[in-house]
> 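One structure, pasted below without further comment.
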Amino acid sequence: MFTSFKGFDLIDKYQKAKKAKKDNKRSNKAKLIKILFVVAVSLILWFLPSDSFGIENLTAIEQRVIAIFAFAVLMWILEAIPSWATSMMVVVLLLVTCSDGGLDFLTEGGDAAVIGKTIKYKSLMACFADPIIMLFIGGFVLAIAATKSGLDSVLAKALLKPFGTQSKFVLLGFLLVTAIFSMFLSNTATAAMMLTFLTPVLKALPADGKGKIALAMAIPVAANIGGIGTPIGTPPNAIALKALNTSIEDGGLGLNIGFGDWMMFMLPFTILLIFIGWFILVKMFPFKAKTIELDIKGENKKDWRSTLVKITFIITILLWMTDKVTGLNANVVAMIPVGIFCATGIITRNDLSEINWSVLWMVAGGFALGVALNESGLAAHMINSIPFDSWAPLLVIIGSGLICYLLSNFISNTATAALLVPILAVIGKGMGSALAPLGGVSALLIGIAIAASLAMILPISTPPNALAHATGMIEQKDMVKTGIIMGVIGLILGYTMLIILGSFGII
């Protein structure tokens, strides 16, 4: 009855404002505690005696990179400050304390062997114009142009029609279509393209349902996993296959695993993982409604601008699919629509403000961390300090996969595979028959390719993760939870499959 009182709405507003202020105070206090904790841990790692890390001849710069790495990881996980702000801090800290353009008293003078190898400041700054960043920009511009022309609505309707209107089957449709594209296209290009189709579907869903999270998460899950299915799906596959197929005379293993051989066991594995991913997403982020009435708004415009968008879209997709024939890199292809749309006025200055620049900054910070790990020599130093040759065969196979998985969540999966595969190929060759009951060297090296592709716990882990995070539908905790579950299941199934097939001599 009190709600009928004339001034009730004012009292209600006051109480809500008071509660919001109190909650905000608590939130700020919690954030401050998180920041102080992260800073404390980072400073401890910064000033610890270098021999505490168990890495022989660890240099001062490498130790600083470890401290900054810990700072970044903890900040990204705890979200004390926005992810993009953490990335910016990473770049600044690396530039000031670890680069050849940094503070002289930190990077010069004294024993060069103790200080270590500085990181090129140009390499760190170049992360903001990394080719993958250009691909992101191309993907964003393509999505904006597709929305303006109504192409996104047309494509979304066409692709999802076979999967009906049941919410869970629409989700399955996104997973399967994305995974198939990712087997033959760059996973980043696939994610950029699929997010274009996803936008009108997200608009058709209830604003307060969890189903939006499931659909947005479907893109990185399927794009990352889909690449496992073919030898060309992702660079780690090619790196592992090269080491396995190079002739013995040239220092390789001479196993001659072909395209069809790879797909024979990896395609069923990929499909199984996609269906597992579907089950997990449906359970974790249930749809509010059992059906999605795909009343996707947006008309198919007929003017010359819309026609040009459609032609450019088709050409871009074809060029992404035929990069091996044309020689055009996927990142270069992404800039073609940018040039065409900007030159013809389809994309205006105002449209460019719609690009999610904070995501680009966040990704650039992740790249900078990878540059620091590689250029300082820390990544190679850490890998070389691991006594793989003294480990038991099972520990070598499983342990190398876990190391690859952990590293790939924070630096490029290609860089991780490139670091691990040559070392493990030599170790595997040296262990000879000891690895045979566990799948041999094939299980060891193909396991690295699988582990690298399964790393997707953070927005900076892979470009598809970053693109999905840019939708604003996914909180970092949702990505971490999904990524860990998919990673654990994928690693268990992957290594079980490799050990069984390898022990029977199938691979």
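Positions are given from 1, in the same order as the sequence printed here. Here the structure is a predicted model, which means the values were calculated and not measured.
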> What are the two closest heavy atoms between Ala455 and Asn409, and how far apart are they?
C-OD1, 3.3 Å

> Between Trp262 and Ile228, is there a donor-acceptor pair closer than 3.5 Å when you use the side chain of the first and the backbone of the second?
yes

> With the side chain counted from C-beta on, respond yes when Pro220 and Met456 share a heavy-atom pair under 4.5 Å apart, and no when they do not.
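Sidechains of Met456 and Pro220: no contact.
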
> Going by atom types only, do Thr462 and Asn465 share a side-chain donor-acceptor pair under 3.5 Å?
yes

> Can you check whether Asn350's main-chain N or O pairs, donor with acceptor, with Ser353's side chain at less than 3.5 Å?
yes

> Over 60° means perpendicular and under 30° means parallel, so tell me whether Trp278 and Phe275 are parallel, tilted or perpendicular.
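Geometry flag for Phe275 against Trp278: perpendicular rings.
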
> Ignoring hydrogens, what is the shortest heavy-atom contact between Val65 and Ser376? Give both atom names and the distance.
CG2-OG, 4.1 Å

> Taking atom OG of Ser123 and atom CG of Leu94, what is their separation to the nearest 0.5 Å?
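One finds 11.5 Å between OG of Ser123 and CG of Leu94.
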
> Look only at the side chain of Asn237 and the backbone of Gly227, and say whether a donor-acceptor pair between them is shorter than 3.5 Å.
yes

> Checking the side chain of Ser182 only, and the main-chain atoms of Ala179 only, is there a donor and an acceptor separated by less than 3.5 Å?
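Checked: no pair found.
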
> Below 4.5 Å, heavy atoms only, C-beta onward: do Ile68 and Cys98 meet side chain to side chain?
yes

> With rounding to the nearest 0.5 Å, note down the distance linking CZ in Phe37 to OG in Ser42.
9.0 Å

> Find out whether Phe265 and Ile446 are in side-chain contact, i.e. whether some heavy atom of one side chain is under 4.5 Å from a heavy atom of the other.
yes

> Decide if atom CZ of Phe53 counts as having more than 12 heavy atoms of other residues, nucleotides or ligands within a radius under 6.0 Å.
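Atom CZ in Phe53 is crowded, with more than 12 foreign heavy atoms closer than 6.0 Å.
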
> Is a donor from one side chain sitting under 3.5 angstrom from an acceptor on the other, for Thr416 and Asn413?
no

> For Leu78, is there any backbone N or O sitting under 3.5 Å from a side-chain donor or acceptor partner on Lys34?
yes

> CG/Asp100 to CD1/Ile61 distance, rounded to the nearest 0.5 angstrom?
9.0 Å

> Would you check if Phe287 and Leu215 make a side-chain contact, meaning some heavy-atom pair closer than 4.5 Å?
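Result yes, sub-4.5 Å side-chain heavy-atom pair found.
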
> Which heavy atom of Leu171 sits nearest to which heavy atom of Ala218, and what is that distance?
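So the minimum-distance heavy-atom pair works out to CD1-CB, 3.7 Å.
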
> Rounded to the nearest 0.5 Å, what's the gap from CG on Leu369 to CG on Leu93? Could you check?
10.5 Å

> Do Ser442 and Leu498 have side chains that approach each other closer than 4.5 Å (heavy atoms only, starting at C-beta)?
no

> Are any side-chain N or O atoms of Gln63 and backbone N or O atoms of Leu45, one a donor and one an acceptor, separated by less than 3.5 Å?
yes

> Does any non-hydrogen side-chain atom of Ile137 lie less than 4.5 Å from one of Trp357?
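A side-chain contact under 4.5 Å exists here.
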
> What distance do Leu445 atom CG and Ile239 atom CD1 have between them, rounded to the nearest 0.5 Å?
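Those atoms lie 11.5 Å apart.
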
> Is any side-chain heavy atom of Leu467 closer than 4.5 Å to a side-chain heavy atom of Ile219?
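The answer is no, as the side chains (C-beta and beyond) never meet within the 4.5 Å cut-off.
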
> Is it true that a side-chain atom of Ser400 and a backbone atom of Ile397 form a donor plus acceptor pair closer than 3.5 Å?
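Checked: pair present.
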
> Distance-only, no hydrogens or angles: does the Thr230 side chain make a donor-acceptor pair with backbone N or O of Met183 under 3.5 Å?
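The answer is yes, because a donor-acceptor pair under 3.5 Å joins these two groups.
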
> Among Leu454, Ile280, Leu281, Ile457, exactly one meets side chain to side chain contact (heavy atoms under 4.5 Å, CB included) together with Met486. Which residue is that?
Ile280

> Between Ile35 and Met75, is there a side-chain heavy-atom distance shorter than 4.5 Å?
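Met75 vs Ile35: side chains touch.
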
> Roughly how far apart are Leu273 CG and Met266 CE, rounded to 0.5 Å?
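Nearest 0.5 Å value for the CG-CE distance: 10.0 Å.
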
> Going by side chain to side chain contact (heavy atoms under 4.5 Å, CB included), Pro337 matches just one of Ile315, Ile144, Thr312. Which one?
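Of the listed options, the one satisfying the test is Thr312.
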
> List the atom of Ala145, the atom of Ile347, and the distance in Å for their closest heavy-atom pair.
N-CD1, 4.0 Å

